[in-house]
Every structure is written in structure tokens, then in C-alpha cells.
Amino acid sequence: MIPTITAFERSPDRGRGLARDMRVRWAFEEVGQPYDVRLVSFSEMKESAHLKLHPFGQIPTYEEGDLALFESGAIIFHIAERHAGLLPDDPNARARAIAWMFAALNTVEPPIVDHSMAVLFDRDKSWHQERLATLVDRVRVRLGQLSGRLGDADWLDGTFSAGDLLMVTVLRRLGSSGELEKYPNLSAYVARGEARPAYKSAFAAQLAVFTAQAPAG
Ligand code: GTB
């Protein structure tokens with residue numbers, strides 16, 4: 001059975017692959033699992049049909065037969081458990097890869113999202129500059145620690161895993177902030193992820209949604 005995920009009908013990122021369906025698409029491509037996508041509008045996400053799938057009215061969701069899932073991390077873990085290619089077979093290496101999945105979502109993503117939300121939504125606030133300085137500091141602490149741990153390795157723990165997939169997508173959210181570029185090994189790490197054929201296929205698929213809607217010319 002081919003799983004169906006949901007994605008933004010019109011992503012605010014204009015095809016840059018920053019919304020969280022991108023990581024799920026990438027996981028499917030890594031394991032060679034075909035998938036369908038149902039595009040949803042912002043208003044549809046808050047209607048009861050979608051809320052049955054996602055209690056917080058967000059994307060992505062995952063449906064396969066009787067199973068419905070939300071939370072990108074849980075969806076990717078589900079995919080990784082059912083297919084080879086995203087988690088090592090060795091039990092200890094597998095546990096460490098799962099720890100990196102949690103680290104990406106629980107330790108590195110929050111300061112990055114707080115920073116990007118402040119840049120997007122709080123520019124006009126009187127306290128913006130002061131708050132931004134704090135948020136930038138928090139991002140730099142995490143990037144410095146991550147950079148130190150990665151060192152000159154290609155991936156976080158041996159071979160590429162779902163931990164790397166999530167970490168790369170989280171770091172990409174820094175966008176044009178200039179923060180990632182302060183850590184050349186992290187920039188190279190993200191570039192390595194983006195160079196994977198599975199990443200490129202996933203990126204092209206989400207970009208096609210934007211291009212199909214963008215006015216020509
Ligand atoms: N913890 C959940 C998960 O990992 O699945 C978070 C899901 C989530 O935040 N979904 C967002 C959403 O549906 C889309 S990805 N938002 C609509 C809402 O809450 O009403 C977040 C996102 C949105 C836009 C950009 N962008 O434009 O750059 C980047 C990321």
C-alpha cells in the first residue's frame with residue numbers, strides 16, 4: 001500500500017523545502033518507498049477532517065491503511081523501522097542514531113525555530129533587537145557544540161542515518177541568517193546531505209508544487 005502524506009498547498013517558503021513534509025519526502029526517497037501527497041490549504045488544516053489526522057492542525061501527516069500518524073519525527077521513525085537504509089542494524093548503533101533523531105528535534109531545532117520565528121514575526125516589536133541577540137546566542141551555543149562533535153566526520157555517527165536526515169533539515173532552517181556559515185564543517189555537512197540523490201528527488205518534488213502554482217514569466 002502506498003502511504004499518503006500531507007503538505008502545504010502553498011508553502012510560505014516558496015519551494016525552498018523548509019516545511020516539514022520535506023524531511024518525510026526525503027526519508028521515503030532514501031528507502032525507495034513511493035508515496036502520494038495530498039495538498040492542504042491553511043483553512044483545511046483547521047477543519048475537522050484534518051484535525052482527526054493531526055490534533056494540532058498541521059502538516060505533515062501520514063496515512064497508510066488503518067494507520068494515521070502525525071509528527072515528522074514519528075513518521076520518519078516509522079519509515080525507518082519498516083525499511084532498510086535509515087537506521088543501522090547493530091542495536092547500539094541503532095540506539096545512538098535514534099538519540100540523534102531526538103537531539104535534532106528536541107535540542108537543536110527549538111533554538112533555530114525560535115530564532116527564525118522572531119526574525120519573521122517580531123521585527124516590529126520594541127524589544128526585537130534585544131530578544132534577537134539572546135536567540136542568536138542560543139543558536140550559536142548549539143551550533144558550536146554540534147560542530148565540535150561532528151569534527152571532520154561525514155555523518156554524526158558512522159554511516160548516514162535518520163539522525164543525519166533530521167539534523168540536516170533542521171540546520172537548513174537557518175536559511176540566509178548567515179549563522180551556519182560560521183561553522184564550515186556544518187555547512188559542508190548540510191551540503192553533503194543536499195547532494196544525496198534522495199534529497200534531490202524530494203526537493204524537486206516539493207518544488208514542483210510551488211512551480212505548478214507560481215505565475216509564469
Ligand atoms: N512538531 C511538528 C512536526 O515535526 O511534524 C511540527 C509541524 C509543523 O510545525 N508544521 C507546520 C504547519 O503545519 C509546517 S512546517 N504549520 C501550520 C500551522 O501550524 O497552522 C513549519 C514551517 C512552515 C513554514 C516554513 N517556511 O515558510 O519557511 C518553514 C517551516
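Numbering of ligands and ligand atoms starts at 1, following listing order.
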**Complete:** closest protein heavy atom to atom 2 (C) of ligand 1 is Glu71 OE1, 3.2 Å
**Asked** Got the closest protein heavy atom to atom 8 (C) of ligand 1, with its distance?
**Response** Arg20 NH1, 3.3 Å
**Contacting atoms of ligand 1, where contact means under 4.0 angstrom from a heavy atom of Pro60** = 5 (O)
**Message:** On the six-membered ring of Phe160, is Arg196 placed so that its NZ or CZ lies under 6.0 angstrom from the centre and within 45° of the ring axis?
**Reply:** yes
**Prompt:** In terms of atom number and element, which parts of ligand 1 are under 4.0 angstrom from non-hydrogen atoms of Pro12?
**Reply:** 27 (O)
**Fill in**
Per-atom filter on ligand 1: closer than 4.0 angstrom to a heavy atom of Arg173 are 29 (C), 30 (C)
**Fill in**
Ranked by distance from atom 10 (N) of ligand 1, the top protein heavy atom is Ile59 O, 2.8 Å
**Request:** Can you establish whether the number of heavy atoms outside Arg82 located under 6.0 Å from its atom CZ is more than 12?
**Result:** yes
**Part of Ser11 with heavy atoms under 4.0 Å of ligand 1, whether side chain, backbone, both or neither** = neither
**Prompt:** Is any heavy atom of the protein nearer than 4.0 Å to atom 25 (C) of ligand 1?
**Reply:** no
**Message:** Check this for me, if you would: do Arg23 and Glu109 make a salt bridge, where the nitrogen-to-carboxylate-oxygen distance has to be below 4.0 angstrom?
**Reply:** yes
**Complete:** Among Lys46, Met45, Gln58, Arg14, the residue with a heavy atom nearest to atom 20 (O) of ligand 1 is Lys46
**Prompt:** In the protein, what heavy atom is nearest to atom 4 (O) of ligand 1, and what distance, to one decimal place, separates them?
**Reply:** Ser72 OG, 2.6 Å
**Request:** Over 60° means perpendicular and under 30° means parallel, so classify the ring planes of Phe56 and His54, tilted if in between.
**Result:** perpendicular
**Item:** Distance from atom 28 (O) of ligand 1 to nearest protein heavy atom, with residue and atom
**Value:** Asp13 CB, 3.3 Å
**Asked** Going by atom types alone, do Asp154 and Tyr189 pair a side-chain donor with an acceptor below 3.5 Å?
**Response** no
**Request:** Just need the protein heavy atom nearest to atom 16 (N) of ligand 1, so name the residue and atom and give the distance.
**Result:** Phe8 CZ, 3.7 Å
**Asked** Should the pair Lys52-Glu47 be classified as a salt bridge under the 4.0 Å nitrogen-to-oxygen rule?
**Response** no
**Item:** For Ala74 against Leu69, the heavy-atom pair lying closest together
**Value:** O-CD1, 4.4 Å
**Asked** Centres of the Tyr62 and Tyr35 rings: under 6.0 Å?
**Response** no
